[in-house]
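Some notes on the structure that comes next.
Residues: numbered from 1 along the sequence shown. Computed from a predicted model, the values in this text were never measured in an experiment.
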Amino acid sequence: MFPTVDVVHNGRMTELLERAIERVRALSPEAQDDMARVLLSLAGDDEPVFTLTPEEEASFANSRAQAARREFATDEQVRAIWAKHGL
């Protein structure tokens, strides 16, 4: 996707990267974390960026099991959720 460069710049960032980092510093903490996740992913960082709680893990496992059983919300249920949130 992106060309790799095997050049070390004495540990310094390029001017373009420095400019991008400065722009990101002005964002909210949540947006900064989102940008950091993207950058880490592009840089090949294989470490998980999110750690799920046991409750979240269980919820995802339940959702995957429901999908495997083809148990999906009806159109009416989806419309009700949208209406509840003003969508």
Among pairs that include at least one residue of residues 58-73, which meet salt bridge (charged side-chain N to carboxylate O under 4.0 Å, His left out), considering only residues two or more places apart or in two chains?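 Only Arg69-Glu71 qualify under salt bridge (charged side-chain N to carboxylate O under 4.0 Å, His left out).
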What is the distance from atom CD1 of Ile21 to atom CG of Leu16, rounded to the nearest 0.5 Å?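 The distance works out to 10.0 Å.
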Who passes salt bridge (charged side-chain N to carboxylate O under 4.0 Å, His left out) against Glu22, sequence neighbours left out? Arg25
Could you list the residues that satisfy salt bridge (charged side-chain N to carboxylate O under 4.0 Å, His left out) with Glu55, not counting sequence neighbours? none
Residues in side chain to side chain contact (heavy atoms under 4.5 Å, CB included) contact with Glu56, at least two apart in sequence or another chain: Leu52, Thr53
I need the full list of side-chain hydrogen bond (donor to acceptor under 3.5 Å, both in side chains) pairs touching residues 75-87, with sequence neighbours left out, sorted by first then second residue. Thr74-Gln77
Short question: side chain of Ser41, backbone of Arg37 - any donor-acceptor pair under 3.5 Å? no
Connected hydrophobic set around Val24, excluding itself, where side chains approach under 4.5 Å: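 Cluster partners of Val24: Leu27, Met35.
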Side-chain cluster (under 4.5 Å, hydrophobic types only) that Phe72 belongs to, other residues: none
